[in-house]
Amino acid sequence: MSYVLNTPEDQRAMLAAIGVSSLEELFSKIPPSLRLNRPLQVPESLSEIELTTHVYQLAGRNRPAYDAVCFLGGGAYDHFIPAAVDAIAGRSEFYTAYTPYQPEASQGSLQAFFEFQTLICQLTGLDVANASLYEGGSGVAEAVLMALSIRPKRHKVLIAESVHPEYRQTLATYTANLELHIQTLPTPDGFLDPDALKKAIDGQTLCVVAQHPNFFGCLEDPESLAKITHDAGALFIASFDPISLGLLKRPGQYGADIAVAEGQSLGNTMSYGGPYLGLLACREEYVRKMPGRLVGETVDRNGRRCWVLTLQTREQHIRREKATSNICTNQGLMALRATVYLAALGPQGLKETAELCTRKAHYAAERLAQLPGVRLRFDRPFFKEFTLQVDAAVPDLLSGLLDKGYHAGLHLGRWYPELEKCLSVAVTEKRTRAEIDGLVSALACWRENMCNGMPGTQARSNRMEQGIHG
Amino acid sequence: MSYVLNTPEDQRAMLAAIGVSSLEELFSKIPPSLRLNRPLQVPESLSEIELTTHVYQLAGRNRPAYDAVCFLGGGAYDHFIPAAVDAIAGRSEFYTAYTPYQPEASQGSLQAFFEFQTLICQLTGLDVANASLYEGGSGVAEAVLMALSIRPKRHKVLIAESVHPEYRQTLATYTANLELHIQTLPTPDGFLDPDALKKAIDGQTLCVVAQHPNFFGCLEDPESLAKITHDAGALFIASFDPISLGLLKRPGQYGADIAVAEGQSLGNTMSYGGPYLGLLACREEYVRKMPGRLVGETVDRNGRRCWVLTLQTREQHIRREKATSNICTNQGLMALRATVYLAALGPQGLKETAELCTRKAHYAAERLAQLPGVRLRFDRPFFKEFTLQVDAAVPDLLSGLLDKGYHAGLHLGRWYPELEKCLSVAVTEKRTRAEIDGLVSALACWRENMCNGMPGTQARSNRMEQGIHG
Amino acid sequence: MDKNQSTGLLFELSHPARRTHRLPKCDVPTENPLPASALAEEPPPLPEVGEMDLIRHFVNLSTRNMSIDTNFYPLGSCTMKYNPKRHERLALHPGMTDLHPLQSDESCQGMLEILWELQNILAEIAGLDGVSLQPAAGAQGELTALLVAAAYFRDKGENRSRVLIPDSAHGTNPASAALAGFDTVSVKSNKRGLVDLDDLRSKLDERAAVFMITNPNTLGLFDDQIATITDLLHQKGALVYLDGANMNAILGVTRPGDFGADMMHYNVHKTFTGPHGAGGPGAGPIAVRKQLVPFLPAPLVARSGEGFYLDYDRPKSIGRVRSFFGNVGILLRGWLYIRTLGPKGLREVSENAVLNANYLLSRVKGVYEVPHGERCMHEFVACARAFKRDRKISAMDIGKRLLDFGFHAPTVYFPLVVPEALMIEPTETESKETLDAFADALIRICGEDADFLHEAPHELSLSRPDEVKAAKEPVLRWKP
Amino acid sequence: MDKNQSTGLLFELSHPARRTHRLPKCDVPTENPLPASALAEEPPPLPEVGEMDLIRHFVNLSTRNMSIDTNFYPLGSCTMKYNPKRHERLALHPGMTDLHPLQSDESCQGMLEILWELQNILAEIAGLDGVSLQPAAGAQGELTALLVAAAYFRDKGENRSRVLIPDSAHGTNPASAALAGFDTVSVKSNKRGLVDLDDLRSKLDERAAVFMITNPNTLGLFDDQIATITDLLHQKGALVYLDGANMNAILGVTRPGDFGADMMHYNVHKTFTGPHGAGGPGAGPIAVRKQLVPFLPAPLVARSGEGFYLDYDRPKSIGRVRSFFGNVGILLRGWLYIRTLGPKGLREVSENAVLNANYLLSRVKGVYEVPHGERCMHEFVACARAFKRDRKISAMDIGKRLLDFGFHAPTVYFPLVVPEALMIEPTETESKETLDAFADALIRICGEDADFLHEAPHELSLSRPDEVKAAKEPVLRWKP
Ligand SMILES: Cc1ncc(COP(=O)(O)O)c(C=O)c1O
Ligand SMILES: Cc1ncc(COP(=O)(O)O)c(C=O)c1O
């Protein structure tokens, strides 16, 4: 079974037309010694019925968010996705098209991406946005490389430890072989102290990277950070949470030169990590240094408004090794989803979503922090995510709560040894008061059992704990 | 929340244009005494997020076929639906269009329905088919009424007791006020004995209605029945299972004048009873007596081939009380699903599906009949469904097996008092050997507990048992 | 854009040995034991199509339709409102679609709760006492209610043979009455487009079983004589049936039960936005007054201490008009809609449906003749009589030309009481911008050259089909 | 058919106070406690659009695309094959989409099993030892592998600064090499369109880290010197990278590892039919030889007695090239595809991809110049040089004109080594009928009038856009 339409007769007729006698002969250019003369050792073909049963069984071995209440965050969130988003993304003409190289046959996608770019500009308060990068982590790396091409003489990058650990790790990996010195600024109190930045920054500094709200959910002081950065002649790169912009000041307002983000929250499923999309916006003056595709407006020969891929001289297929980035395939369908999502919410919907997240998160924080042995680790305003310190082994606690039906949080010790006893809890607009109260009593009761020395289910050795630290 | 796009401003502007001062005033023609001056007592509005959670919770209180293995039949079956069917039926342009009254703007549906009509002709071996009726039961009633308009002088209808009880009941209800005498012919051995028909039939007989395979899954002897019927100058109406025609002779081949069927099996979900679709096909000569819509081929003014609704003079919107039927809205989308399904299977796929059903059903029958206290009630060839007699209270047994994860069968006592100790078990191509073996051992073990006087879960009083008998 | 690929008939795309769906190998030893005499020599001669061609065929065909999701669709009497996407997501949840119609009550309590709630809600909206969700569509609802009426009178020992129906009624009304075994009597409309009371009185006697009224009627008018009418019928011991196809005009504003109707049907696929599926499915639940409840089809959903159950124990029931429970998939969508709207939303629907219709009326009535009045409910019927007389421009010409503007045509030539009728129902889910664009098109069209209009549509890939040929030499199936 | 309704820009459809998505009332007492200094005065100025308009907007826009499901799409190097509908149904199962990337291993064993199996399958198809599923697309796969190579040489204490790349290579190759910090050296192609061995030798020394080869190459030719090439590089201690974009030609026929490649990427969105989504997403897993495995990004999926787990404990790893696991949604579709095909099906894919390409080649080569040979693999590059010279008909003209026939254009002007290139890849999922129709169109077009072709497309609603204007005065966003 291979979705091939050629029947044996078709094949005979085609081989005859080509003038060869067998399919094998079509591969004559491949030296026999290099050919595989056995079947591939991959599982046998499954019919649609068998495949369907198999997938349902495998799905049954997962515990998705609809089955265990999800309080996990750390860069991916269980936000609600209106059905309209799926309906549009499910249109054949959108999801089975390739990159819009032929504008006459791709106006649907081109207009949608032009709308996407505009929406991201409106969201960030910046001048231009591209048509998506892979996701939030490589987005930070691309932003730093972009900064480097804007300020080629400078080589020092300052990044706050409160930036997503995996983003920092991605940046380190991307730049391993480049002449860049990356310095991580500690954030012991859950945010980057502007004075610490003042001390670290100098004339060699290319850019400063901060995340607001940061990995702990805490608010940074982006205005001060931006000012300090600009005073040193460096560029300020802000990593943001798109949903938070329903309430918070926009990167363009607090002085970001380049703003990047993980766009998953905008109508994309969590899907165990991807596909998501990277958002990148910046000031007009830097547009020709931008990575990724750009859609521009123009007119056809009859003066009819239309859209095309433009400024392609930045891109690899024209510029090759001198391109601003190597990106080719991007995250088009996710950008379409984000476009429908933002249009569906509108200003009011985005505001209310952000508000619900904040209020519910603070309600959860208050209730949880009232439990004995549990306290808020950071005394700092936060958006939809907060850090709890507990007097128990976090992995055991998480595993115990999973058995009670809760994905209760993330073990921060994984990335921050000093936060070994901490977990990060995220609350979206989907969470109900009942679910939050449920988490609170589940945690309370688990702790009691612990203290009374009757541990809940022991956490099966969770290898995530051996995780490397970003 | 009402999907209304008019904003308060829009409303003001529109009211002004109309020349009224308030929305209330638009209803001035409704005598105040007749107006409702309180809000409707219906539940308060739910946001999409709340509605979604609510529906998931309600769905959790159901035990669908993917959760308890489904061996239920009796006119609706758990056949597999290829994903291609859903993909096509999910196209906006198909499912949000109305009846194709404007052919220039409806060629997509019109061509699909023309293809549907052709596929049903190919399936049944008859000359013409309509564009769908509601479902199988009213389909039988429509067929009998159609027969009446063909043979207006005759008033006796003979129907086998082995026809679906709910179809017979529907026929009885439809014809309650008409001058028709409906006589049910007993089928003690699980099929209609041709000799019994010979005895009952006479010159007054309008038509004979049989189902093949019948409600018990048994094969009738349609050729003999048709011959006897025609010898008496009556019409033979056959109710058939579309899937069975992958193997069995077609109604056109065994002499049916009108063939009707429940089309659910053709790519439609079970959906707790609907929407399904009624199939109706007949011989050319009766076309102008047919109920329901017909699509015909023609050409436009440039001679381009196209399709239109035709022979509408049969229909209610033209003929009013003289119409062949009152049907207006039909089951168009289900007919589209059937079209895609049949095209996806093709002759070979339909044959293999029918073969798998038969072989698996017979495997299940053999295994089950080997259990002590369990036997096959009828000694008669069957297709995908068979009747078991057991030495236990069937409702208890069914409820016990449900707790073990099986929808094990239908209690035939519901419709046939003499079959109080019988259940009907259906097996489709989806069922695996493992599932069948599982049912066998579950039943064995339940019976053991019974005999050892340790009843499984008592069946909660299942009110279906008070069911009326067709 | 050219989307012709693989759009020949399936049978023309067929190619031996191709296929889309493949089945697993058989995993049981048992061989096929059916007697040769019962078997066909070969399977039906269905087309053989590969998956790529199959998908392109239907996807490309779909683009040849107008539909709600792509075009304004003011088809009078059909209430073509927006079909919310959330309904498709939720009604297609496998916990709902994957339920067998005969599985035990204990195993579908969630479904039964929804259906029970819907019964109650529909009774409240109707102002009546009992509801059956069984009928598959409006027409079957009419039939069911008339059968209920017949059983009711039979039970009372009354022999009433007639159903009275206004001449403006939809064709299903007389067709259903005939099917139910009644004689139909047509009642005239008066100059105001309402029931002619004198004509009604003259035809009303103890043979009358039911008067079927559509209110608001098919002219989009609310019959303000309704109280008088229902009194008249009740005095004669007859019942009043309301054809509920136009409920979109009066949700939460007035209730059929309150203005004297004893029975009614809903078109869930109109008022409560079940997608029309290019012809169906629908759902036509009926609501009836207390004395008629015992005769409703079985089962109804009932509730006991133990939960919800299907109540089949209804000795006076007429039986059933179809197999299984009903068109549940559409009922679910109706329930989802009502649960989304709530009491306020339901009333908003009617207020804005009526507002949109009257706004459109106010935009076109200077140009188009609208025989029946200044004001309408959720729809109105314009009349091209004058254009026809003076310039040979028919309602059909106007409808076809509208297609060129990307608007579906209104319902034409119905109701029959208006010559050259254009029946226009915008619904509440359209914006003022869309209504204005449509009004502009209507106004522009009636100023266009007659010959040009006779040739319309001009912008579509198809011109007018030869319908006479289609009916004279019917080709109802492809033949090799 | 006119599908223009609501197709203005979202921002032009915007109307104050309209909206689609509404949120529940807040069910917790807590007030919003954020400091005023952090808050914006008002939310972002997003458009305000109602649901009916929103849906029509995007549904109607979609019909302005060509796509696999609607048109033949022979875009060279992109492997536009059929995207099976079962993949969408199964990959969108909430048991898969509703998983958080950081939830514990114990709570996603089903997902981990799939990913683990996919790692092994991709290693087997490559004939290599280790696989990372992390890269988001082919280009990121290239970058990742080059970073792995750099780490490998650093670990060996070797300092190699160069990556050699044939001039026929895709632009991502040199771009990725530069991004990874290498100097790029271009290697010529010979008359046969293959690697010029002398040029390669002349540029090959101990500075060489990696040779990136695409085989079959972008001309659709299998480089039969591959064994010699890989030996040459290995002798110099360098590594060979295979750009796997053309794997559709050789599945189960030959394996990169067997012909000497040490690293490669897959384009799951090409070879294994992840839908392209009008630009993405993709998935670009890489496979590498044993000695490189320690340097792969973390985590990999591993298996222990207790089940599957994410192994982060990889001290020599380069780290990660993105957050979270990878583009799982696309990886899932690739796995579904491979599980559907099995060993036989995978080979059938390549056999028929190559058959279809050669058949098309045989149909057009009499008319179009095809510089490199009689025979091809899964695609071939025709050349409009002669038409251009004699009649001023460019590859672009031909591509645009093809749109009128309902066919998407081939890839034009790539690879750069062929002037006026038309790169044609039919894939295995197209029928002979479609290939014939396409060949007929190609042949007919090159006989058409030059001026007529310069004005193509003619049948689409749009003529050629002014791309120069777009780049000269870039308008990259709507402004009020
Ligand atoms: C006024 C009226 N009555 C009855 C009907 C019949 O309803 P259905 O099509 O659901 O059978 C319709 C539908 O067109 C109608 O408009
Ligand atoms: C030959 C070749 N190499 C590399 C790539 C880059 O792959 P991706 O677009 O997945 O990043 C492509 C895709 O166009 C390609 O054709």
Check: A/Ser45 side chain, D/Gly342 main-chain N or O, donor-acceptor pair, under 3.5 Å: no

Residue part contacting chain A, namely of D/Asn356, when any heavy atom lies under 4.5 Å: both

Toward chain A, the part of D/Tyr82 with a non-hydrogen atom under 4.5 Å: side chain

Closest-packed option against chain D by number of heavy-atom pairs under 4.5 Å, given A/Ile318, A/Leu402, A/Ile436: A/Leu402

Salt bridge present between D/Glu42 and A/Arg250 (N-O < 4.0 angstrom): yes

Per-residue contact mode, D/Arg375 against chain A (heavy atom under 4.5 angstrom): side chain

Per-residue contact mode, D/Glu113 against chain A (heavy atom under 4.5 angstrom): side chain

Among the listed options A/Glu44, A/Gln253, A/Lys351, the residue most often paired with chain D at heavy-atom distances under 4.5 Å: A/Glu44

Between A/Ser399 and D/Glu106, a side-chain donor and acceptor under 3.5 Å: yes

Top contributor to chain D contacts, counting heavy-atom pairs under 4.5 Å, from A/Leu119, A/Thr96, A/Val299, A/Thr99: A/Thr96

D/Asp27: which of A/Arg433, A/Arg359, A/Lys360 passes salt bridge (Lys or Arg N to Asp or Glu O under 4.0 Å): A/Lys360

Toward chain A, the part of D/Tyr73 with a non-hydrogen atom under 4.5 Å: side chain

Interface residue of largest heavy-atom contact number with chain D, from A/Leu350, A/Thr269, A/Leu5, A/Leu40, under 4.5 Å: A/Leu40

Short side-chain donor-acceptor distance under 3.5 Å, D/Asn83 and D/Glu88: no

Atom group of D/Ser67 that falls short of 4.5 Å from chain A, counting heavy atoms: both

Exam field: side chain A/Thr298 to backbone D/Lys469, donor-acceptor pair closer than 3.5 Å: no

Best-contacting candidate, A/Ala68, A/Pro39, A/Ala13, A/Ala17, against chain D by heavy atom pairs under 4.5 angstrom: A/Ala17

Interchain contact, D/Pro474 with chain A, by part (heavy-atom threshold 4.5 Å): side chain

A/Arg304: side chain to side chain donor-acceptor pair (under 3.5 Å) partners, not counting sequence neighbours: none

Residue D/Arg347 versus chain A: region with a heavy atom under 4.5 Å: side chain

Polar side-chain atom of A/Glu93 near backbone of D/Ser62 as donor-acceptor pair, under 3.5 Å: no

Portion of D/Met80 that has a non-hydrogen atom of chain A nearer than 4.5 angstrom: side chain

Pair A/His317 and D/Phe414, ring centroids less than 6.0 Å apart: no

Close aromatic pair by centroid cut-off 6.0 Å: A/His164 and D/Phe324: yes

Part of D/Phe11 lying under 4.5 Å from any heavy atom of chain A: side chain

